[in-house]
Structures are given as C-alpha cells and as structure tokens.
Amino acid sequence: MALRLYDTRSRSKRILETLVEGEVGIYVCGITPYSPSHIGHARQAIAFDIIVRWLRKSGFLVNHITNFTDIDDKIIRIANEENIDFLDVANRNIDDYFEVMDLLNVNRADSYPRVTETIPEIIDMIAKLIENGNAYSSHDGVYFEINTAPEKYGQLTGQTLEMVREGAGGRVSETGTGKKNHRDFALWKIAKPGEPYWSSPWGDGRPGWHIECSVMSLQHLGEKFDIHGGGSDLMFPHHEAEIFQSECCLNHDPVVQYWIHNGMINVDGEKMSKSLGNFWTIRDAISKVHPLELRYCLINAPYRQPVEFNDVMLQDSSSHYRKLLATYGEALSNYGKTNWKNSSFLQQAELEFSNGMNDDFNTRVAIVEVQTVVKYLREKLDSNLEDEISACVSWLSEFAGKVLGILPDDEVIRKNILDVENEKMKIHDQVMDLIEQRQIARNNKDWDNADQIRDKLNHIGVVVEDSPNGPIWKLK
RNA sequence: GCAUGGGUGGCAGAGUAGCUAUGCAGCGGACUGCAAAUCCGCGGACCUGGGUGCAAAUCCCGGCCUGUGCUCCA
C-alpha cells in the first residue's frame with residue numbers, strides 16, 4: 001500500500017511522490033520561544049516526529065528542518081518586563097523546549113535554524129520581492145502587496161479577498177500604518193525606540209512574522225521541496241503568506257508539494273489557550289504522568305483531529321500505557337528478542353500497522369495493532385512459549401518502540417525492573433515474614449487475620465496476589 | 001457572516017457501501033476463602049429529514065449542533 005497523506009491545499013489524500021526519488025525534504029514551523037512549551041507544542045512535535053520516523057522506516061532519506069522564531073513582539077515585551085536581553089528570553093525557552101522534547105522521546109530535527117541567525121538571507125529575499133514588484137517600502141516597514149498576486153489568495157483556507165476585506169474591518173490602523181492595503185503583510189518592521197534591530201536598506205528593524213519560514217525553507221531545502229507542516233492555526237495567515245513570498249520570489253509554483261497540518265488540543269471542548277485559563281504546559285502534564293504516558297495520550301487521535309485533553313483522559317492513557325509496558329517489560333526481561341518475521345500472526349500485525357500508517361499516518365490504527373500484539377503476547381507469556389514471546393518483544397520494539405516512540409530503551413526498562421527488584425530486596429525479609437504468617441492464617445481458615453495481614457502489607461506498599469503457584473507480591 | 005473540519009455505544013476513538021473495530025468502563029462467568037491479576041462471554045452506536053443503490057454509519061442534497069480560522073497562536 002502506497003503512502004498517502006492529506007494535503008491541505010488540494011483537500012485530499014494524495015500518494016506521496018517526492019521531487020527526488022527516495023528522498024523527502026520536510027519543513028515544519030517551529031515555536032516562537034516566548035514561554036515554556038505547552039502540550040500543543042508537544043502534540044505537534046510528536047506528530048511530526050512520528051511522521052518523520054515513518055518516512056524513514058519506509059526507506060526515505062529525510063531532511064527535517066524545524067525553525068525557531070526567536071525574535072517577535074512577545075519576546076521583546078517579556079524581555080522589557082524583566083529588563084533582560086530578548087535573546088535570553090528566547091534561549092531559556094529553547095533550552096526548555098529541548099529538555100522536554102528529549103523527555104518525550106522526540107528525535108531531533110536535522111537542523112533548527114533561527115531567525116536571528118538568518119537576517120542577511122531574509123534581507124536578500126525582501127530585496128528580491130521589492131525588485132520583482134511584489135513588495136514596497138514605507139515609513140514603518142516593508143510590506144508584501146497582495147494585489148500583485150491575487151490569484152494566490154486562499155489556497156489553504158478557501159477564503160477570498162472579499163471575505164478578508166469584510167472581516168478585517170477597522171483593523172488597518174493597528175496592523176501597520178504604512179500599508180497600502182490592510183491585507184498586505186509586513187516583511188520588515190522598522191524598530192520603535194527600545195526595540196532590538198538589525199540594519200537594512202529600508203532602515204533599522206526586524207523581520208516580519210512570515211518571511212523567515214520562506215527564507216529558511218529555501219535555504220535548507222531548496223527552491224522546491226516536498227512537505228511543509230505546522231499547526232492548523234498557521235494556515236492563515238502564516239502559511240498563505242509563505243506561499244506569496246516563496247512563489248513570488250522564486251517565480252514558480254508550487255514551491256511546496258504537500259501541506260500538512262496538525263489539529264489543536266482542546267480542553268473541555270475548546271481550544272487550549274492562556275486567556276481561557278485552560279492551559280497546560282508540558283511540565284504541568286509530566287508532573288502528573290510519565291512523559292511517555294503523555295506521548296501515548298497525544299497520539300491516541302490521528303494527528304489532524306483536534307484532541308480532547310483533560311485530567312481524566314491523561315489518567316486513562318496512563319493506566320492503559322502501564323499495562324502495555326508491564327507486559328512488554330516482563331517479556332523483555334525474561335526472554336529477550338528474536339526475529340519476528342517467521343510469525344504469520346506478527347506478519348499480519350505488521351501489515352495492518354503499515355496500512356494504518358500509510359493512510360495519512362493513522363496512529364490510532366497503529367496503536368490498535370500494538371494492543372493486539374500485546375494481548376497476543378500476554379497469552380504466550382501465560383503459556384511460556386518462548387519463541388513467540390521473543391518474537392513479540394522484537395515486533396513491539398520495532399513498531400511501538402522505534403516507529404511510535406512510546407517504549408523506553410531496553411536498558412532503561414531493564415534498569416527500572418532492577419531498581420524495583422532492589423527496592424523489593426530491602427523489604428524482602430519483612431514481607432516474606434508477613435506473607436508466611438498470612439499463609440498460616442489462611443491454612444487455618446482464619447480469614448480475618450489473613451486479611452488484616454494483607455492490609456498491613458498494603459500499608460507498606462506491597463500488593464499480594466494469590467496465584468495458582470502460591471502468593472506473589474509486588475510494589476504498588 | 002464567510003471559510004474549513006467534525007457529529008459513531010457511558011468515555012476515548014477507527015471504519016467511505018454488504019463482514020465483531022479496538023481500548024477503558026458496565027454486566028455475567030472461570031479462577032479465589034474473599035480479593036487482586038489473568039482469561040472467557042454479553043449488552044450497547046452510527047445527529048436529523050429526504051435522495052440514489054439489491055444494500056448506506058459509509059455516496060448525494062437540505063436542516064440542526066459543534067470545533068477551528070478570518071487578530072498573536074503548534
């Protein structure tokens with residue numbers, strides 16, 4: 001089954017045909033680092049992480065670029081409030097981003113270009129746009145003139161020039177007084193007193209919001225590239241502005257072959273936002289559950305769907321995930337891995353998994369297959385079928401681990417199990433003593449006493465399970 | 001208002017025409033002194049009104065509800 005992905009511009013799933021056979025260039029709009037990362041950032045990063053992992057798994061050589069917009073109005077405002085350099089604000093939030101993304105098992109992109117390190121190239125592109133007649137300079141900045149390429153309007157959102165004219169109403173004055181038309185957007189903003197600036201042919205200032213992505217994608221992926229991704233809230237105006245800039249600068253279209261957009265996170269049915277007070281940072285979430293449990297939670301819905309997020313769902317995901325990991329860990333530590341390709345059951349599971357992923361990266365379908373294999377593994381564990389168990393471990397390691405990224409490294413799992421064993425060793429004698437007492441009570445059918453001892457064990461964090469082979473105990 | 005998605009069982013969420021989605025929860029059972037864990041089984045859904053089809057959750061048209069965008073946003 002060929003890999004198909006939903007392209008926002010054509011509003012349909014299209015088979016992936018890359019510009020260079022066997023290679024994919026993908027640019028994903030990154031964050032503006034003005035505050036610690038929130039779970040919306042996590043969702044996006046995880047979604048594209050899995051997309052890139054799957055492309056690589058499918059044999060493509062992938063070049064994945066994600067940028068940082070490390071200069072913007074909000075960063076400047078926060079820097080002024082704290083009386084520090086704007087780059088300090090950006091850097092501390094970028095550091096935070098990398099830290100939490102590592103915890104979430106998000107692979108690094110191949111490059112993370114930053115606006116502040118791309119100023120000369122940005123100035124070049126603006127100059128080219130002026131030269132081509134698509135942009136003009138005025139007293140407060142340089143603007144892209146929409147009317148020079150009206151046919152490019154609405155390619156991602158279906159909106160027409162007229163709609164925006166009506167919708168925008170009296171916003172002209174707020175969005176740049178030097179504009180000829182309120183729909184024009186800034187390429188270069190002249191600095192106001194106290195703002196950081198770079199010098200340019202049009203005056204000291206800084207880049208507008210959209211230009212950096214056109215420049216960086218060109219710089220890293222060339223005049224045409226395969227996939228451009230980002231949050232669905234960036235379709236308009238950001239990505240449409242990019243289409244104007246890139247295509248008018250390069251004099252050809254399309255520059256981007258496939259546009260893909262991830263859905264937003266909703267809390268209580270509404271988009272998560274600071275103003276609504278329903279805001280979760282990644283650190284908020286991972287203070288409640290393990291980062292991989294959060295990752296698991298965020299890929300429960302396919303990447304394009306809005307995903308509902310709240311405490312209950314986080315806890316649900318967490319408990320589902322723990323069951324999965326417990327089974328995997330038990331099998332891994334006791335049996336190890338072997339080639340899974342001899343198992344027809346696992347071959348079928350691979351096929352279903354792949355069909356799901358090839359259908360616009362449907363992680364929901366992929367997870368169902370993972371659950372199916374875990375269930376199968378559970379059966380084999382109960383009947384001690386060593387070869388099948390090892391094959392399952394190996395399959396899960398490959399698909400749940402390497403593709404979905406929801407399993408910790410084997411060494412981490414083994415170490416955790418070891419740590420738990422060590423913890424158990426510390427209280428081993430005490431527990432065995434109590435269990436022995438309880439067994440005596442049980443043999444005497446003294447259930448009250450037996451249950452009291454069980455409560456006592458529970459109190460020190462030990463759960464006793466009476467298996468057919470006698471009592472086993474574990475830490476809560 | 002315009003644009004663009006979506007409306008599936010208690011919850012989450014697949015499924016684009018005929019075949020049990022799946023997981024959690026619920027109910028029943030096995031096992032157990034009772035539990036726990038595990039296993040087996042069961043019930044329960046396709047917003048609404050039309051249309052096309054032998055057959056529609058699935059395609060077409062209308063309505064209703066709802067998310068998002070039209071302003072910074074992942």
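Labels below follow one simple rule: chain letters A, B, ... track the order of the sequence lines, proteins then strands, and each chain is numbered from 1.
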Chemist: Heavy atoms only, 4.0 Å cut-off, all strands: where does A:G263 land among base, sugar-phosphate and nothing?
Modeler: base

Chemist: Looking at A:N93 and A:V89, would you say the former's side chain and the latter's main chain have a donor-acceptor pair under 3.5 Å?
Modeler: yes

Chemist: Write down the distance separating the P atoms in B:U22 and B:C31, rounded off to the nearest Å.
Modeler: 26 Å

Chemist: Quiz question: going by heavy-atom distance under 3.5 Å, is there a donor-acceptor pair between the base of B:A74 and the side chain of A:H38?
Modeler: yes

Chemist: Consider the side chain of A:D359, meaning its heavy atoms from C-beta on, and name the nucleotide among B:U38, B:A74, B:G15 that approaches it most closely.
Modeler: B:G15

Chemist: Calculate the interatomic distance between A:N93 atom CG and B:A74 atom C1'; express it in whole Å.
Modeler: 15 Å

Chemist: Would one find more than 12 heavy atoms of other residues, nucleotides or ligands at under 6.0 Å from atom CD of A:E386?
Modeler: no

Chemist: So which nucleotide does B:G26 pair with, by the Watson-Crick or G-U wobble rule with both distances under 3.5 Å?
Modeler: B:C42

Chemist: For B:C19, give the paired nucleotide (Watson-Crick: N1-N3 plus N6-O4 or O6-N4; G-U: N1-O2 and O6-N3; both under 3.5 Å), or none.
Modeler: none

Chemist: Between B:G23 and B:G43, how far apart are the P atoms? Round to whole Å, please.
Modeler: 15 Å

Chemist: Expressed in angstrom and rounded to an integer, what is the separation of A:D446 atom CG from B:G33 atom P?
Modeler: 15 Å

Chemist: Using a 4.0 Å heavy-atom cut-off across all strands, classify A:G40 as base, sugar-phosphate, or nothing.
Modeler: base

Chemist: Between A:D360 (CG) and B:A14 (P), how many Å, whole number?
Modeler: 12 Å

Chemist: Any protein N or O atoms within reach of nucleotides 24-32 of chain B? Criterion: under 3.5 Å, listing atom names and distances.
Modeler:
unit_1, atom_1, unit_2, atom_2, d
B:C24, O4', A:H320, NE2, 3.2

Chemist: How many angstroms lie between atom CD1 of A:I50 and atom CG of A:N107, to the nearest 0.5 angstrom?
Modeler: 10.0 Å

Chemist: Output all residues satisfying ring pair (Phe, Tyr, Trp, His ring centres under 6.0 Å) with A:W280, sequence neighbours left out; order by chain, then residue number.
Modeler: A:F309

Chemist: Round to the nearest Å and state the distance from A:I299 atom CD1 to B:G13 atom P.
Modeler: 14 Å

Chemist: Could you tell me how far B:G33 sits from B:C40 if I compare only their C1' atoms? Round to whole Å.
Modeler: 23 Å

Chemist: Taking OP1 and OP2 of B:A35, is either one under 4.0 Å from a side-chain nitrogen or oxygen of A:N458?
Modeler: no

Chemist: Quick one: look up who B:G9 pairs with, Watson-Crick or G-U, both distances under 3.5 Å, and put none if it's unpaired.
Modeler: none

Chemist: Could you please name the option among B:G15, B:G23, B:U38 that lies closest to any side-chain atom of A:R378?
Modeler: B:U38

Chemist: Between A:E398 and A:W340, is a side-chain hydrogen bond (donor to acceptor under 3.5 Å, both in side chains) present by the stated rule, with each step listed?
Modeler: CA-CA 10 Å; A:E398 190 165 338; A:W340 57 266; 2.9 Å; yes

Chemist: Indicate yes or no: does A:K74 engage A:D72 in a salt bridge with an N to O separation below 4.0 Å.
Modeler: yes

Chemist: Expressed in whole Å, how much space separates the P atoms belonging to B:G28 and B:A35?
Modeler: 12 Å

Chemist: Using a 4.0 Å cut-off on heavy atoms, which residues in residues 363-373 of chain A reach RNA chain B? List them by number, or say none.
Modeler: A:R364, A:V365, A:V368, A:Q371

Chemist: Could you work out the separation of B:C64 and B:G50 based on their C1' atoms and round it to a whole Å?
Modeler: 15 Å

Chemist: Taking atom C1' in both B:C27 and B:G44, what distance in whole Å separates the two?
Modeler: 11 Å

Chemist: Could you give the distance separating B:U52 and B:C11 at their P atoms, to the nearest angstrom?
Modeler: 34 Å

Chemist: For B:G62, what is the paired nucleotide under Watson-Crick or G-U wobble rules, both distances under 3.5 Å?
Modeler: B:U48

Chemist: So which atom in A:P254 and which in A:R9 form the shortest heavy-atom distance, rounded to 0.1 Å?
Modeler: CB-NH2, 3.0 Å

Chemist: Identify which one of A:F244, A:F236, A:F185 satisfies the ring-ring contact (aromatic ring centres under 6.0 Å, His included) criterion when paired with A:H210.
Modeler: A:F185

Chemist: From the list B:A14, B:G33, B:A12, which nucleotide is the closest neighbour of the side chain of A:W447?
Modeler: B:G33

Chemist: Give me the distance, rounded to whole Å, that separates B:G53 from B:C42 when you measure between the C1' atoms they each carry.
Modeler: 34 Å

Chemist: Using a strict 4.0 Å threshold on nitrogen-to-oxygen distance, state whether A:D466 and A:R438 make a salt bridge.
Modeler: yes

Chemist: Does the side chain of A:T118 come within less than 4.5 Å of A:E212's, by heavy atoms?
Modeler: no

Chemist: Tell me which nucleotide among B:A74, B:A12, B:G23 gets nearest to the side chain of A:Y34.
Modeler: B:A74

Chemist: Is the shortest side-chain N to carboxylate O distance from A:D95 to A:R92 below 4.0 Å?
Modeler: no

Chemist: Rounded off to whole Å, could you give me the CE-to-P distance for the A:M313 and B:C11 pair?
Modeler: 12 Å

Chemist: How would you label the glycosidic angle of B:G51: syn (within 90° of 0) or anti?
Modeler: anti

Chemist: Are A:E242 and A:K152 within salt-bridge range, i.e. N to O under 4.0 Å?
Modeler: no

Chemist: To the nearest Å, how far apart are A:I146 CD1 and B:C70 P?
Modeler: 15 Å

Chemist: Could you tell me whether A:V464 contacts a base, only the sugar-phosphate backbone, or nothing, with contacts defined as non-hydrogen atoms closer than 4.0 Å?
Modeler: base

Chemist: Give one of base, sugar-phosphate or nothing for A:R438, where a contact means two heavy atoms less than 4.0 Å apart.
Modeler: base

Chemist: Looking at A:R4 and A:D360, is any side-chain nitrogen of the basic one under 4.0 Å from a carboxylate oxygen of the acidic one?
Modeler: no

Chemist: If you assign A:D451 and A:L234 each to the RNA chain B nucleotide with the nearest heavy atom, which residue ends up on the more 5' nucleotide?
Modeler: A:D451

Chemist: Take the protein atom CG of A:L298 and the nucleotide atom P of B:G13, then report the distance between them rounded to whole Å.
Modeler: 12 Å

Chemist: A:N300 has a side chain; which of B:A36, B:U38, B:A12 sits nearest to it?
Modeler: B:A12

Chemist: Using a cutoff of under 3.5 Å, can you pull out all pairs of nitrogen or oxygen atoms linking the protein to nucleotides 4-9 of chain B, with atom names and distances?
Modeler:
none

Chemist: Which residues, if any, of residues 68-79 of chain A bring a heavy atom under 4.0 Å of RNA chain B?
Modeler: A:K74

Chemist: Can you give me the closest heavy-atom contact between A:D184 and A:I146, atom names plus distance?
Modeler: OD1-N, 2.9 Å

Chemist: Quickly work out the A:F279 CZ to B:A74 C1' distance and round it to whole Å.
Modeler: 10 Å

Chemist: A quick test of your reading: do over 12 heavy atoms of other residues, nucleotides or ligands sit less than 6.0 Å from CZ of A:F279?
Modeler: yes

Chemist: For the residue pair A:V393 and A:A331, what are the closest heavy atoms and their distance?
Modeler: CG2-CB, 3.4 Å

Chemist: Report the nucleotide, chosen from B:A36, B:A14, B:C70, that has the shortest atom-to-atom distance to any side-chain atom of A:Q159.
Modeler: B:C70

Chemist: So which nucleotide from B:G23, B:A74, B:A14 ends up closest to the side chain of A:P302?
Modeler: B:A14

Chemist: 5'-most contact on RNA chain B: A:N262 or A:A450, nearest heavy atom basis?
Modeler: A:A450

Chemist: Does A:D102 come within less than 4.0 Å of A:R108, counting only side-chain N to carboxylate O?
Modeler: yes

Chemist: Suppose we call a contact any N or O donor and acceptor under 3.5 Å apart; does that hold for the side chain of A:R454 and the base of B:A36?
Modeler: no

Chemist: Applying salt bridge (Lys or Arg N to Asp or Glu O under 4.0 Å) as the test, list every pair that has at least one member in residues 225-239 of chain A; sequence neighbours left out.
Modeler: A:D233-A:K271

